[in-house]
Protein chains: 2
Amino acid sequence: MEIDTGDTLNAASFRPQESLSIGAQLHRILRAAIIRGELVPGQAISEIEMSKKFAISRQPVREAFIKLGEERLIEVLPQRGTYIRKISVKEVLDARHLREVIEVSIVREVAEKHDDALIKTLRSLIAEQRKVRHGDNQAFLLLDEEFHRTLALHAGREYMWRVTEGIKAQMNRVRFLTFDSATPMPQLTDEHAQVVDAIEAGNADLAAQRMEQHLRALLNSLPLIAERYPDHFVAE
Amino acid sequence: MEIDTGDTLNAASFRPQESLSIGAQLHRILRAAIIRGELVPGQAISEIEMSKKFAISRQPVREAFIKLGEERLIEVLPQRGTYIRKISVKEVLDARHLREVIEVSIVREVAEKHDDALIKTLRSLIAEQRKVRHGDNQAFLLLDEEFHRTLALHAGREYMWRVTEGIKAQMNRVRFLTFDSATPMPQLTDEHAQVVDAIEAGNADLAAQRMEQHLRALLNSLPLIAERYPDHFVAE
DNA sequence: AAATGTATACTTGTATAGTAGTATTTCAGA
DNA sequence: TCTGAAATACTACTATACAAGTATACATTT
């Protein structure tokens, strides 16, 4: 069975792979909606509300809520209600730091055991990134993630990459807040290119340093964003 | 929920731990059972079996299964069955590596901003570790984890520590396999002490190096263990 | 007027029943 | 004896109903 997403989500984003359970499908849908900010932080959602909206029973909704709770995207208060979690600046910065530690370590490994095929793949991704039309931030985001994932999997660090999935969720919530304004795509792409150059040269220290800078730049506007959208963040 | 009539009006007797749902309680129980090896890898478990065993309905069991599945401790095959995951040597080593990257980064931070209170706490933990009687590996394991957690929280890295919870689950499954044989407690304790010395000296590089060695030693017997318990591991 | 009890309308948590998919067994037919 | 399709016995998945906790509005009492 497949749940009716109605007009809340375009069918193009669905992968025709294996049939997921209703709960798993809803989890994906809600997760994306939270990250994209369609469900705003602090907003109350309920199992009944969602079950009606998608014409399913409460049980699958419940299971989706459990997963979202573990990802810290919502907060389930027993017998009281469920709310979209507000973004915590501290938590986002902490997550970003963990991602930095992970990816710097990965790029070091990659620099020490790279091959021509990898370099070619990475350069191809960078070329695609340059072709993204101005303003299509979502397309760029996908290519950006593929670039980083390629590095992680080449190093054989699937476990690490699975962890960064959760990290990226927190970070992307912030990035989507400024989705209207332009992402500095050319700059980020140049940084990618410089990382690849360092990898190709086999210079692990340089690659690590450039990756570190790259990841730090991603959220350097966080304080301003938090100030502009005070309702989206927890007071701390 | 019922009130405790025994210690009425004694505020100190209040447990800071809120009442967990049945599903959450079962999750804890099963998680511990899997890590301790009481539920052996490959073994089939079912919702009905557990609901009968604990005299509860199947719904809470289901929710516990979902959480265990996300932790990769069990594998839920839709319409087929649920099984205790076999241990993957690659995954354990990858997890250990991630833990190394995380904790080395943490100990660097701690070395650069330590204080006397922290050193005192750490030395106190080490003293307790020395007092653990030979063979009581579980007591040592708890003190070991508290040592590492203290470092993480002092660095203000709660997010990182949450991630290592999942990592430790995978590693501890291996450690519990050799629970009968003696853990080299004196050696591990000495390594802890040397890390603290480096922290107190403010030598971040040395502290990092010693932590790295310490964490690598934890699983150096993994290949032998995997060979001795082939049924517990996935063929790869 | 202020404090307190109570009904009500929410919420999430749990139990039970039935659905749908998979694997195994059974047994007719060669 | 072997083959293969249908019956059977599981499994996880979903739907519905009910239980229990919480917040709020409102009546009651002091």
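To find a chain, count down the sequence lines: A is the first, B the second, and so on, and within it residues start at 1.
Salt bridge status for A:Lys90 with B:Glu158: present, with a side-chain N to carboxylate O gap under 4.0 Å. Ion pairing between a basic and an acidic side chain is recognised when a charged N comes within 4.0 Å of a carboxylate O; B:Asp94 and B:Arg99 show no such pairing. Using a 4.0 Å cut-off between a side-chain N of Lys or Arg and a carboxylate O of Asp or Glu, B:Asp136 and B:Lys131 do not qualify as a salt bridge.
For A:Gln79, the listed nucleotide lying nearest its side chain is D:dG21; candidates were D:dG21, D:dA12, D:dA15. Taking only side-chain atoms of B:Ile56, from C-beta outward, the nucleotide of C:dA15, D:dT14, C:dT14 with the closest atom is C:dA15. Among the nucleotides C:dA17, D:dT11, C:dT14, the one closest to any side-chain atom of B:Arg58 is C:dA17. Side-chain proximity of B:Pro60 to C:dA15, C:dG13, C:dG18: nearest is C:dA15.
Spacing between atom CD1 of B:Ile45 and atom P of D:dC10 amounts to 18 Å, rounded to whole angstrom units. The distance between atom CG of B:Leu20 and atom C1' of C:dG13, rounded to the nearest whole Å, is 13 Å. Per the geometry, CE belonging to B:Met50 stands 10 Å off P belonging to D:dA12, to the nearest Å. The interatomic distance linking A:Glu47 (CD) with D:dA19 (P) rounds to 18 Å, in whole Å. When rounded to the nearest whole Å, the span between OH of B:Tyr83 and C1' of D:dC10 equals 10 Å. Atom C1' of nucleotide C:dA15 and atom CZ of B:Arg62 are separated by 14 Å, given to the nearest angstrom. Separating the NZ atom of A:Lys52 from the C1' atom of D:dA15 is a distance of 15 Å, rounded to the nearest angstrom. When rounded to the nearest whole Å, the span between CG of B:Leu68 and C1' of D:dA12 equals 15 Å.
Taking 4.0 angstrom as the limit, B:Thr82 places a side-chain polar atom (N or O) nearer than this to OP1 or OP2 of D:dA12. Side-chain N/O atoms of B:Ser46 include one lying less than 4.0 angstrom from OP1 or OP2 on D:dT11. Regarding contacts with the backbone of C:dC10, every side-chain N or O of A:Arg80 stays at 4.0 angstrom or more from both OP1 and OP2. Distances shorter than 4.0 Å separate some side-chain N or O of B:Ser57 from OP1 or OP2 on C:dA15.
Heavy-atom nearest nucleotides on DNA chain D were determined for B:Gly81 and for B:Gln59, and the one closer to the 5' end corresponds to B:Gly81.
Within 4.0 Å of B:Ile66, counting heavy atoms only, lies no atom of the nucleic acid at all.
In summary, the side chains of A:His27 and A:Glu63 do not present any donor paired with an acceptor at a separation below 3.5 Å, with no hydrogens or angles considered.
Cation-pi check for A:Arg62 over A:Phe65 is not met; the charged atom does not lie both under 6.0 angstrom from the ring centroid and within 45 degrees of its normal.
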